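When a ligand or atom number is given, it counts from 1 through the structure's own listing order. When a residue number appears, it is its place in the shown sequence, counting from 1. Here the structure is a predicted model, which is why all the values come from computation and not from measurement.
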Amino acid sequence: MNFDFTDEQKLFAESVRGFAQAHLAEGTLARAHNPRFPFGVAQQMSAQGLMGITIPAADGGQGGTLMDAVIAIEQIAAVCPRSADVVQFGNFGPIRTFAEYATPAQKAAWLPDLLAGRAVMSLGMSEPDAGSAATDLATSAKPDGAHYVINGTKLFSTFSPDAKVFLIYVRYGPGVGGIGSVIVERDTPGFRLGTPSSFMSGEEWCELHFENCRIPAENVLLGPGGFKRQISGFNVERIGNAARALAFGRYAFKAARDYVSTRKQFGRALCEFQGLQWKFADMAIRLEAAQLLLYRAAANADRGLPSAYETSVAKAACNLAGFEVAHEAVQAMGATGFSRETLVEWCMRRTRGWMIAGGSVEILKNRIAEHVFDRRFDQRGRQAAAAE
Ligand SMILES: Cc1cc2nc3c(=O)[nH]c(=O)nc-3n(C[C@H](O)[C@H](O)[C@H](O)COP(=O)(O)OP(=O)(O)OC[C@H]3O[C@@H](n4cnc5c(N)ncnc54)[C@H](O)[C@@H]3O)c2cc1C
């Protein structure tokens, strides 16, 4: 067991950090408070080889590892947290599932613009009556000659106000086996985006309405029975989500550490008070523990041993550590930390959202409990009903 990066990984981390310091150190606050997708940053990152890190070179990616993509998120977030969203989009989000399952024609149609940072993709899974119970989704796809007709509503889709192309989970027929996914372009007749709403984090999303929206059959990504394959791609998204949550917690931690090192009250630097020292020691323990869990999940996935359990443990630990540390960092910085002139309060709001998104902490704990007890717990209470 080795707890250090390889020489190659160290060099990669240094080069990403150098890029971030040269191109992203200025304007971090303005970028964070702008809900629009930062296409300019995405194009710079594309030129630097930071999009499609884990996508094969034959498909226009970099042919790298998941750990490389985690390193990229960490290094970018340490300089400009908002820009880490672009690393997430270009490496861990729906683009990754798309690149894995798309036909050569589908890849040729959409991957070049996505990997170049000219377009962004949004994922439509959640619905009014299907949140944590994702398999309750009702958006239907009915065959009609050489087309499919889509009807339904999606909520909360990240990047939806700016997306050109949408990966939509649909139902072809009943049950989990009836679920798959399609690609819908923004300007398709019958597809309408609602007025943008804001999350507490400042991120915006639109309702997606499909009313007899006809798409060509070539836009089917996964047919009936595709749900399990799609969800296994989701484990990768969870690693990116975990990496960002932890990196944002670390960003807030460092900002607060620097602040209490110089800010004086009662004639002493704040860091000289033991009450604050222990707060920072507790934050360090949380960050370090979650970091090791994240690296284990990513390294094992790279070794061909992706584990839903390890990913769930890593995401839950990083989501909680990221938020709790950012929350404590705000407290340690007093009104300055609570102010929008620092990114610390922003990191706290962003990390809070990831305790809900992409598999809430509770749903991850359900998954972890199944590993602990080595049995499945049916959340729909069928066993309870059967026992009555
Ligand atoms: C920042 C952000 C970004 C998002 N981006 C996207 C996106 O790009 N695409 C998309 O499709 N969706 C997106 N979502 C939606 C997200 O996937 C859902 O919010 C999530 O699945 C939870 O669904 P819900 O909000 O309907 O909560 P519900 O499912 O209604 O749950 C409410 C609460 O009950 C808990 N709960 C539910 N079931 C159980 C259970 N069996 N055991 C214990 N506790 C339970 C939940 O953990 C939660 O705390 C995003 C959400 C956020 C906050």
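At under 3.5 Å, not a single nitrogen or oxygen of A133, backbone or side chain, sits near a nitrogen or oxygen of ligand 1. Looking at L123 next to ligand 1, an N or O pair under 3.5 Å apart turns up. Any N or O atom pair closer than 3.5 Å counts here, and N366 shares at least one such pair with ligand 1.
One option in P128, S126, S132 has a heavy atom closer to atom 16 (C) of ligand 1 than any other, and that option is S126. Checking S157, A130, G131, A357 against atom 2 (C) of ligand 1, the nearest heavy atom belongs to A357. Checking V361, L364, I356 against atom 20 (C) of ligand 1, the nearest heavy atom belongs to I356.
The aromatic rings of F280 and F253 lie tilted to each other, with the angle between the two planes from 30° to 60°.
At the shortest separation from atom 47 (O) of ligand 1 among protein heavy atoms lies S360 OG, 2.6 Å. The protein heavy atom nearest to atom 41 (N) of ligand 1 is Q379 OE1, 2.9 Å. Annotation: atom 44 (N) of ligand 1 to nearest protein heavy atom, E362 CB, 3.4 Å. Nearest non-hydrogen protein atom to atom 6 (C) of ligand 1 is F156 O, 3.1 Å. Looking only at protein heavy atoms, the nearest one to atom 8 (O) of ligand 1 is T158 N, 2.9 Å. Distance from atom 39 (C) of ligand 1 to its nearest protein heavy atom, with residue and atom name: I363 CD1, 3.7 Å.
Only the side chain of F199 comes within contact range of ligand 1, with a heavy atom under 4.0 Å; no backbone atom does.
Heavy-atom proximity to G353, at under 4.0 Å, picks out these atoms of ligand 1: 53 (C). In summary, the atoms of ligand 1 found under 4.0 Å from a heavy atom of M125, numbered by their order in the structure, are 10 (C), 11 (O).
Taking the side-chain contact (heavy atoms from CB on, under 4.5 Å) definition, one finds that R96 meets it with T54, E100, V236, sequence neighbours left out.
Contact record, Q88 with G240: OE1-C, 3.0 Å, taken as the closest heavy-atom pair.
Within a 4.0 Å radius of atom 32 (C) of ligand 1, the protein contributes no heavy atom. For atom 35 (C) of ligand 1, no protein heavy-atom neighbour is found at a distance under 4.0 Å. Remark: atom 49 (O) of ligand 1 lies closer than 4.0 Å to at least one protein heavy atom.
Ring-centre distance between F159 and W205: not below the 6.0 Å cut-off. Aromatic ring centres of F166 and F191 lie closer together than 6.0 Å.
Contact check on E204 versus R36 returns a salt bridge, with a Lys/Arg side-chain nitrogen under 4.0 Å from an Asp/Glu carboxylate oxygen.
Under a 3.5 Å cut-off, the side chain of K154 and the backbone N or O of Y169 do form a donor-acceptor pair. The backbone N or O of V149 lies less than 3.5 Å from no partner atom in the side chain of D144, so there is not a single donor-acceptor pair. The backbone N or O of T65 lies less than 3.5 Å from a partner atom in the side chain of D68, making a donor-acceptor pair.
Within a 6.0 Å sphere centred on CD of E272, heavy atoms belonging to other residues, nucleotides or ligands number more than 12.
Cation-pi contact between R352 and F323: present, with separation from the ring centre below 6.0 Å and deviation from the ring axis of at most 45°.
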